[in-house]
> 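Before I ask anything, let me first share the structure, which is written out below as structure tokens.
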Amino acid sequence: RAAVLGIILSESVLLCVIGGILGLLLGHGAVYIGAPIVSDQSGLVLNPLQFEWFELQVIPAMILMACLVGVLPAMTAYRTDVADALSHG
């Protein structure tokens, strides 16, 4: 049961980290694609390679939220008798 709890929480955190990294990459990719358009339209120059400290602080916050969100399904799986569930499945 403890292994199932750990697996579900690990999956939640892993999905969150992958999603956060993809979000950062896609966001900066969108800035990279849109920077010339914004510069032509407004004169504002954007640097797509510039990272803010806030971006790096978001990932630990997302990991914490992933743990909180993963607790409910993890506890449900923890309380489930696997042998009983498989025999009735």
Side-chain angles (χ1 to χ4, degrees):
R1 289 184 176 191
V4 172
L5 180 97
I7 289 169
I8 293 174
L9 286 176
S10 298
E11 179 184 12
S12 176
V13 170
L14 182 64
L15 287 171
C16 180
V17 169
I18 291 171
I21 291 170
L22 282 175
L24 284 173
L25 292 175
L26 289 172
H28 283 272
V31 171
Y32 180 79
I33 292 169
I37 298 167
V38 170
S39 180
D40 289 343
Q41 296 289 323
S42 68
L44 180 65
V45 178
L46 301 175
N47 181 4
L49 300 178
Q50 180 179 352
F51 283 88
E52 298 292 329
W53 281 108
F54 177 72
E55 293 177 272
L56 299 177
Q57 294 170 353
V58 168
I59 293 177
M62 288 187 329
I63 291 172
L64 178 64
M65 289 189 322
C67 289
L68 293 174
V69 169
V71 167
L72 182 61
M75 291 306 294
T76 302
Y78 182 80
R79 292 183 187 135
T80 302
D81 185 10
V82 177
D84 188 41
L86 290 175
S87 68
H88 290 104

> Just so I know, are the side chains of L44 and L46 near enough to count as touching, which here means a heavy-atom distance under 4.5 Å?
yes
> Considering only distance and modelled atom types, tabulate donor-acceptor pairs under 3.5 Å from the side chains of residues 6-13, sequence neighbours left out.
unit_1	atom_1	unit_2	atom_2	d
S10	OG	G6	O	2.7
S12	OG	A66	O	2.7

> Got a list of side-chain donor-acceptor pairs under 3.5 Å for residues 50-62, not counting sequence neighbours?
unit_1	atom_1	unit_2	atom_2	d
Q50	NE2	E52	OE2	3.0
E55	OE1	E52	N	2.7
E55	OE2	H28	NE2	2.5

> Would a single hydrophobic cluster contain both L24 and I63, if residues Ile, Leu, Val, Met, Phe, Trp and Tyr are joined by side-chain heavy-atom contacts under 4.5 Å?
yes
> Hydrophobic cluster membership, with links at side-chain heavy-atom distances under 4.5 Å among I/L/V/M/F/W/Y: are L64 and I18 in one?
no
> In terms of hydrophobic clustering (I, L, V, M, F, W, Y; side-chain heavy atoms under 4.5 Å; direct or indirect links), are I21 and L14 co-clustered?
no
